[in-house]
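Down below is the structure, laid out as structure tokens.
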There are 2 protein chains.
Amino acid sequence: MKIEESVSYLLAKLTVAHRNLLEKSVTQVGLHSGQVFVLMELWKQDGQRQIDLADKLNLAAPTVNKILGGLLEGDYVTRERYEDDGRSTRIFLTDKGENAKALVEEKWTEIEEQTVLGMSSTEALIFKQLLQKLMGADL
Amino acid sequence: MKIEESVSYLLAKLTVAHRNLLEKSVTQVGLHSGQVFVLMELWKQDGQRQIDLADKLNLAAPTVNKILGGLLEGDYVTRERYEDDGRSTRIFLTDKGENAKALVEEKWTEIEEQTVLGMSSTEALIFKQLLQKLMGADL
DNA sequence: ATTCAATGTTTAGCCGCCTAATAATCTAGC
DNA sequence: GCTAGATTATTAGGCGGCTAAACATTGAAT
């Protein structure tokens with residue numbers, strides 16, 4: 001099999017371009033891509049522990065910790081020790097963090113448009129389903 | 001639109017898992033994922049300049065430069081000044097670099113199997129075509 | 001009550017990407 | 001010939017991932 005024609009190769013290549021697109025876009029609202037994903041989890045449920053965020057985002061604990069450093073510095077979130085368990089901290093959105101949601105959603109529409117550019121809506125749907133399938137197979 | 005159901009979101013998430021799979025696999029033959037992609041270009045054509053590699057791989061020049069640092073240290077490639085143009089260097093495979101091809105191709109088969117796990121061969125084909133389409137749209 | 005394993009956070013350090021800025025060389029234009 | 005601009009490589013530094021290892025706390029077992 002030609003490596004260049006494998007799904008893995010194409011996916012890896014596409015990844016770089018897409019990550020660049022994502023980063024460039026969210027930079028316009030003052031965020032970085034990793035921060036956006038953490039914020040999304042907090043928008044769904046505020047006050048989560050770092051380990052919860054790491055589990056849901058499928059990221060290693062130090063990765064989440066590092067990203068939170070930036071969000072704390074940018075005043076998007078606050079960190080509080082968890083009374084029920086001294087090992088844990090809970091992360092809470094600030095007003096700024098909550099307000100960022102609308103900005104990100106707006107940007108995301110642009111990102112999505114550029115991502116599926118050149119695909120018909122049918123193709124986009126099929127593509128989405130296949131992506132979900134791959135995600136489910138937890139790779 | 002729900003961000004979590006967008007192609008962009010799913011793609012970004014899948015990316016992380018796939019990159020981890022790739023990295024873990026090629027580590028077993030003593031390489032890193034970035035190094036593999038550079039080597040692939042050299043296997044196609046030896047003696048290229050850094051800028052050529054960067055263009056073909058769609059990477060920034062400093063990225064290629066850094067990756068080459070690791071390949072040089074690992075004795076996979078050598079670097080020579082280009083006589084025709086003093087600004088450029090040419091990168092050449094060593095025996096070790098050439099021999100790595102077989103090892104990587106073997107590993108890649110495993111990677112591909114795990115990547116398309118859970119997809120029928122028809123689905124894999126469709127997926128591949130859509131990936132190529134996205135790549136072509138140069139995102 | 002003590003000890004020991006498990007859990008959660010953090011630090012250090014690595015690779016994969018990037019941009020910005022330098023230095024060196026080449027190329028044009030005058 | 002000389003200068004000005006383009007091109008190539010490199011360095012510095014940042015974010016997005018990771019692992020390994022240190023640390024504190026919890027919880028369980030004796």
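Here is the naming used below: chain letters follow the sequence lines, and residue numbers restart at 1 for every chain.
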> Nearest nucleotide by nearest heavy atom, which residue falls closer to the 5' end of DNA chain D, A:V36 or B:I51?
Replying inline: B:I51
>> By nearest heavy atom, map A:K66 and B:D85 onto DNA chain D; which one lands nearer the 5' end?
In response: B:D85
Using a cut-off of strictly less than 4.0 Å, decide whether [X] has a side-chain nitrogen or oxygen near OP1 or OP2 of [N].
X: A:R79; N: C:dT10; value: yes
X: A:N65; N: C:dT9; value: no
X: B:R49; N: D:dA9; value: no
X: B:Q50; N: D:dT10; value: yes

If you count the non-hydrogen atoms of other residues, nucleotides and ligands that lie under 6.0 Å from [atom1] in [X], is the total more than 12?
X: A:E73; atom1: CD; result: no
X: A:D84; atom1: CG; result: yes
X: A:K24; atom1: NZ; result: no

> Which sits closer to the 5' end of DNA chain C, A:S88 or B:T63, going by the nucleotide each is nearest to?
Replying inline: A:S88
To the nearest Å, how far apart are [X] [atom1] and [N] [atom2]?
X: A:E23; N: D:dG17; atom1: CD; atom2: P; result: 9 Å
X: A:D52; N: C:dT7; atom1: CG; atom2: P; result: 14 Å
X: B:I67; N: C:dC14; atom1: CD1; atom2: P; result: 17 Å
X: B:K13; N: D:dG16; atom1: NZ; atom2: C1'; result: 14 Å
X: B:F37; N: C:dC15; atom1: CZ; atom2: C1'; result: 13 Å
X: A:N20; N: C:dT19; atom1: CG; atom2: P; result: 7 Å
X: A:L68; N: C:dT10; atom1: CG; atom2: P; result: 8 Å
X: A:Y82; N: D:dT26; atom1: OH; atom2: P; result: 12 Å

> Between residues 55-62 of chain A and DNA chain C, which residues have a heavy-atom gap below 4.0 Å?
Replying inline: A:A61, A:P62
> Parallel under 30°, tilted from 30 to 60°, perpendicular over 60°: which one fits the rings of A:F37 and B:Y9?
Replying inline: tilted
>> Is the shortest side-chain heavy-atom distance between A:T109 and A:E105 below 4.5 Å?
In response: no
> If every non-hydrogen atom of B:Y76 is compared with every non-hydrogen atom of B:G30, which pair is closest and at what distance?
Replying inline: OH-O, 3.7 Å
>> Can you pull out every side-chain hydrogen bond (donor to acceptor under 3.5 Å, both in side chains) where at least one residue sits in residues 43-70 of chain B? Sequence neighbours excluded, please.
In response: B:E41-B:K44, B:Q48-B:K56, B:R49-B:D52, B:Q50-B:N65, B:Q50-B:T89
> Looking only at N and O atoms, is any donor in the side chain of A:R87 or the base of C:dT9 less than 3.5 Å from an acceptor on the other one?
Replying inline: no
